[in-house]
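Worksheet: one structure, shown below.
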Amino acid sequence: MPKIRILPSEIEINARAGETIMEAAHDAGLFWPTTCGGQGICTTCLCTIESGMEHLEPASRSELKTMTEERSEATIRQYGMRLACQARVLDGDITVNKRGVRAE
C-alpha cells in the first residue's frame, strides 16, 4: 500500500491506489485545508510534491487551469505543485509539503 509522508508535520499515512492525496488524509482522520471541499476549483489544498511525482496520475487540464489562475505554469512545474484534491496516487510512496494538515 502506498504511503504519503506529509511535511512539515511529519505525518505518514497509507493511501489506496486511485485515491487522491486529500481523500487519503481524510480517511486517516486528518484535516486538510480546503475552501471548495475538494471540487478542484480553488487552490487552498495546493501542495508541493517533494518526492514521488511519478507515483501520481498526471495533472488534468482542469487541475492545471485552476492552478495557473493563481500561479504561473513555470512555477507549478518548477516546485512540483499539485491540488491534493485532484492528485491521484497510482503506486509507490510520495512526500508532500502542506502547512495546516493536522489531526481532526
Side-chain angles (χ1 to χ4, degrees):
M1 180 173 279
K3 295 199 179 307
I4 301 172
R5 183 173 170 228
I6 305 164
L7 302 175
S9 56
E10 295 292 341
I11 297 170
E12 191 172 289
I13 60 173
N14 291 319
R16 295 184 311 272
E19 189 172 41
T20 67
I21 294 170
M22 187 185 291
E23 287 170 342
H26 287 166
D27 288 351
L30 300 177
F31 167 80
W32 194 287
T34 180
T35 303
C36 72
Q39 298 177 53
I41 58 174
C42 75
T43 57
T44 308
C45 72
L46 187 74
C47 62
T48 303
I49 309 301
E50 301 289 338
S51 66
M53 183 71 85
E54 69 275 13
H55 300 298
L56 296 172
E57 285 184 2
S60 68
R61 288 170 55 165
S62 63
E63 180 182 358
L64 286 171
K65 181 179 181 290
T66 298
M67 290 189 295
T68 56
E69 288 174 0
E70 298 288 326
R71 291 164 177 80
S72 73
E73 192 168 338
T75 299
I76 292 164
R77 293 191 191 287
Q78 178 182 358
Y79 293 104
M81 297 176 167
R82 293 293 303 270
L83 296 179
C85 71
Q86 301 298 302
R88 293 194 178 277
V89 178
L90 296 172
D91 59 10
D93 299 344
I94 62 172
T95 300
V96 304
N97 195 315
K98 176 63 178 168
R99 294 199 179 280
V101 177
R102 63 181 186 280
E104 285 196 280

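Quick note: residue numbers are just sequence positions, from 1.
- Closest of all the heavy-atom pairs between C47 and I21 is SG-CD1, 4.4 Å.
- Under the 3.5 Å distance criterion, the side-chain polar atoms of H55 are left unmatched by any main-chain donor or acceptor of I94.
- Under a hydrophobic clustering in which Ile, Leu, Val, Met, Phe, Trp and Tyr are joined whenever their side-chain heavy atoms come within less than 4.5 Å, directly or via other members, M53 and Y79 fall into different clusters.
- At most 12 non-hydrogen atoms from other residues, nucleotides or ligands lie less than 6.0 angstrom from CZ of R99.
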Dump the intermediate steps for side chain to side chain contact (heavy atoms under 4.5 Å, CB included) on E57 and L90, then the final yes or no.
-> CA-CA 6 Å; E57 285 184 2; L90 296 172; 3.3 Å; yes
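- Under the 4.5 Å side-chain criterion, counting only non-hydrogen atoms from C-beta, L56 is in contact with V89.
- Under a 3.5 Å cut-off, the side chain of E19 and the backbone N or O of R16 do form a donor-acceptor pair.
- A distance of 12.0 Å separates CE in M22 from CG in D27, rounded to the nearest 0.5 Å.
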Please report, to 0.1 Å, the donor-acceptor pairs under 3.5 Å made by any side chain of residues 30-44, with sequence neighbours excluded.
unit_1	atom_1	unit_2	atom_2	d
W32	NE1	C45	O	3.3
T34	OG1	G37	N	3.1
T34	OG1	G38	N	3.4
T35	OG1	T44	OG1	2.6
Q39	NE2	C36	O	2.9

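- Taking CZ of R71 as the start and CD of E73 as the end, the distance is 14.0 Å to the nearest 0.5 Å.
- A donor-acceptor pair under 3.5 Å is formed between the side chain of T68 and the backbone N or O of L64.
- For D93 (side chain) and K3 (main-chain N/O), a donor-acceptor pair under 3.5 Å exists by modelled atom type.
- One finds the CG atom of L83 at 10.5 Å from the CE atom of M81 (value rounded to the nearest 0.5 Å).
- Salt-bridge formation is detected for the pair E63/R82: a Lys NZ or Arg NE/NH1/NH2 atom is positioned less than 4.0 Å from an Asp or Glu carboxylate oxygen.
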List the steps and the verdict of side chain to side chain contact (heavy atoms under 4.5 Å, CB included) for R5 and E10.
-> CA-CA 7 Å; R5 183 173 170 228; E10 295 292 341; 2.8 Å; yes
For R88 and E23, what are the C-alpha separation, side-chain angles and deciding distance, and is it a salt bridge (charged side-chain N to carboxylate O under 4.0 Å, His left out)?
-> CA-CA 9 Å; R88 293 194 178 277; E23 287 170 342; 3.6 Å; yes
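- A 4.5 Å side-chain heavy-atom check between L7 and E50 finds at least one atom pair inside the cut-off.
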Quick one: do I49 and T95 satisfy side chain to side chain contact (heavy atoms under 4.5 Å, CB included)? Show the steps, please.
-> CA-CA 6 Å; I49 309 301; T95 300; over 6 Å; no
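- Take S9 and apply the side-chain contact (heavy atoms from CB on, under 4.5 Å) test, not counting sequence neighbours, and it matches I6, I11.
- Residue I13 holds its CD1 atom at 4.5 Å from CD1 of I4, rounded to the nearest 0.5 Å.
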